[in-house]
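The next block holds one structure in the form of structure tokens; read it before the comments.
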Amino acid sequence: MLANRVQSLTPSLTLGISTKAKQMKQAGIEVINLSIGEPDFFTPQAVKTAGIAAINDNYTKYDAAAGNIELRTAICQKLKRENDLDYSTEQIVVSSGAKYSLTNTLLTITNPGDEVIIPVPYWLSYPEMVKLTGGVPRFVESDFANNFKMTAEQLKAAINDKTKAVIINNPSNPTGAVYSKAELLALAEVCLAHDIFIIADEIYERICYLDSFTSVAQLSTAIKEKTIVVNGMSKSLSMTGWRLGYTASTPQIAKAMGAIQGHLVSHPCTIAQHAAIAGLDSCADDIAAMKKVYRKRRDAAIDIIKQIEGLSIVQPDGAFYIFVNIGHYRSKVDEQSLSLKVCDDMLEKHQVALVPGIAFGNDDFIRLSYAAKLEDISEGLMRLKDYLAQC
Ligand SMILES: Cc1ncc(COP(=O)(O)O)c(C=O)c1O
């Protein structure tokens with residue numbers, strides 16, 4: 001008999017779909033993959049060159065548990081330069097992907113039975129991470145009319161004696177919505193009043209199409225003290241496979257996180273860490289170029305979606321996803337899960353991979369990723385239009 005924590009684990013639906021799409025491709029079936037949560041660009045050349053140099057220079061041994069000191073220095077400089085945030089190197093912990101940064105954060109701040117507030121729709125790993133680290137996910141429904149951004153009132157209503165933290169994902173996966181400074185301030189004030197931690201997952205922060213992005217930690221010193229900023233290289237630098245994420249928090253939290261990480265995984269790959277220094281120091285142009293392409297694709301996708309009867313979307317101001325409301329078709333599709341049925345049919349009958357909203361806690365939606373070629377996005381959406389017209 002395996003451990004209890006495994007019994008309640010839900011396998012990742014997004015990974016499941018991309019595996020199925022890959023298997024179809026291997027079997028010779030052309031699949032348009034609009035389900036992917038990773039950039040379709042290569043890692044910038046400067047990062048690759050630095051990675052190769054790191055191997056040749058023999059940076060292949062153990063390093064500090066909290067991460068390489070030069071990389072942590074580069075992260076501090078990035079946070080100052082781009083977010084006007086002052087952190088010292090002992091407040092930074094570099095981990096194997098933002099996924100482990102989040103897990104390590106939860107291990108550091110939650111006790112068994114503590115509740116962690118997760119706004120719905122949510123990135124599908126949050127509930128599993130909370131459960132695996134002994135906590136209890138507490139879901140908060142938000143409104144489509146407010147682009148699924150949780151309000152201070154909704155947050156307040158979910159807080160009780162057991163509440164330890166709230167996860168705020170900004171820009172959001174799966175919706176692409178971005179919280180304004182005023183919205184963040186209202187949420188953060190509730191957190192301060194109730195002494196709960198803010199886990200600010202800002203991994204898509206550099207893929208934001210608004211004039212400016214506000215990190216919740218920027219709002220005040222008191223808010224920064226209660227916030228664990230989670231960020232990483234995967235999305236903005238197209239470094240998904242290099243596995244690098246980081247947190248910025250108080251020295252006390254960071255010290256504990258470093259100690260946990262030291263025992264569980266030692267530290268992330270030394271070579272990848274050396275490569276990432278180049279990513280933070282000299283890839284601003286690569287990031288800007290990728291963002292420009294994403295924006296073009298986003299605008300094109302929105303134009304097509306607008307022409308499809310019955311569909312509406314959450315305003316996508318960041319990341320590379322569009323959360324499409326298919327609720328109009330619920331009465332026409334005779335299945336328990338609308339989003340699963342639509343995504344199954346689209347993959348199996350029309351060779352287009354999309355992610356069912358049920359994976360993110362809302363069955364009236366599907367998630368489209370525009371980390372794909374423009375032609376594929378257009379063709380995929382045309383097939384969706386034809387499919388829905390026959391429902
Ligand atoms: C919202 C969000 N947070 C964190 C992650 C994890 O990123 P990483 O690949 O760095 O572990 C992802 C990846 O899909 C994500 O979408």
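In each ligand, atom 1 is the first atom listed, and ligand 1 is the first ligand listed.
- Each of Asp364, Asn362, Asp363 was evaluated against Ser339; a single residue qualifies, Asp363, per the side-chain hydrogen bond (donor to acceptor under 3.5 Å, both in side chains) test.
- Linking ILVMFWY residues whenever their side-chain heavy atoms come closer than 4.5 Å, directly or via other members, leaves Tyr87 and Ile199 in distinct clusters.
- Not close to ligand 1: Thr240, with no non-hydrogen atom less than 4.0 angstrom away.
- One finds no salt bridge joining Asp299 and Arg295 here, because no Lys/Arg side-chain nitrogen approaches an Asp/Glu carboxylate oxygen to under 4.0 Å.
- Looking at ligand 1, you'll find an N or O of Tyr204 within less than 3.5 Å of one of its N or O atoms.
- From the protein, the heavy atom lying nearest to atom 13 (C) of ligand 1 is Lys235 NZ, 2.8 Å.
- Applying the 6.0 Å contact sphere to NZ of Lys22 captures no more than 12 heavy atoms from other residues, nucleotides or ligands.
- Applying the 4.0 Å criterion to heavy atoms of Gly97 picks out, from ligand 1, the atoms 10 (O), 11 (O).
- Atom NZ of Lys255 has 12 or fewer neighbouring heavy atoms from other residues, nucleotides or ligands inside a 6.0 Å radius.
- Salt bridge status for Lys131 with Glu128: present, with a side-chain N to carboxylate O gap under 4.0 Å.
- Summary of contacts: the protein heavy atom closest to atom 9 (O) of ligand 1 is Arg243 NH1, 2.9 Å.
- Interface atoms of ligand 1 facing Asn169, defined by a heavy-atom separation under 4.0 Å, are 1 (C).
- Heavy-atom separations between Tyr126 and ligand 1 include at least one value shorter than 4.0 Å.
- The closest heavy-atom contact to atom 2 (C) of ligand 1, among the options Asp201, Asn231, Asn173, comes from Asp201.
- Which parts of ligand 1 touch Ser234 is read off a 4.0 Å heavy-atom cut-off, strictly below it: atoms 8 (P), 9 (O), 10 (O).
- By the 3.5 Å distance cut-off applied to N or O atoms, Leu244 is not counted among the residues near ligand 1.
- Note: the hydrophobic cluster containing Ile167 does not contain Ile203 (ILVMFWY, side chain heavy atoms under 4.5 Å, direct or indirect links).
- Within the structure, the closest approach of Met233 to ligand 1 does not fall below 4.0 Å when heavy atoms are considered.
- Residues Phe365 and Phe148 place their aromatic rings such that the two centres sit under 6.0 Å apart.
- For Glu38, the heavy-atom gap to ligand 1 stays at 4.0 angstrom or more.
- Tyr329 and Tyr387 have their aromatic ring centers separated by at least 6.0 angstrom.
- Among all protein heavy atoms, the one lying closest to atom 15 (C) of ligand 1 is Trp123 CE2, 3.5 Å.
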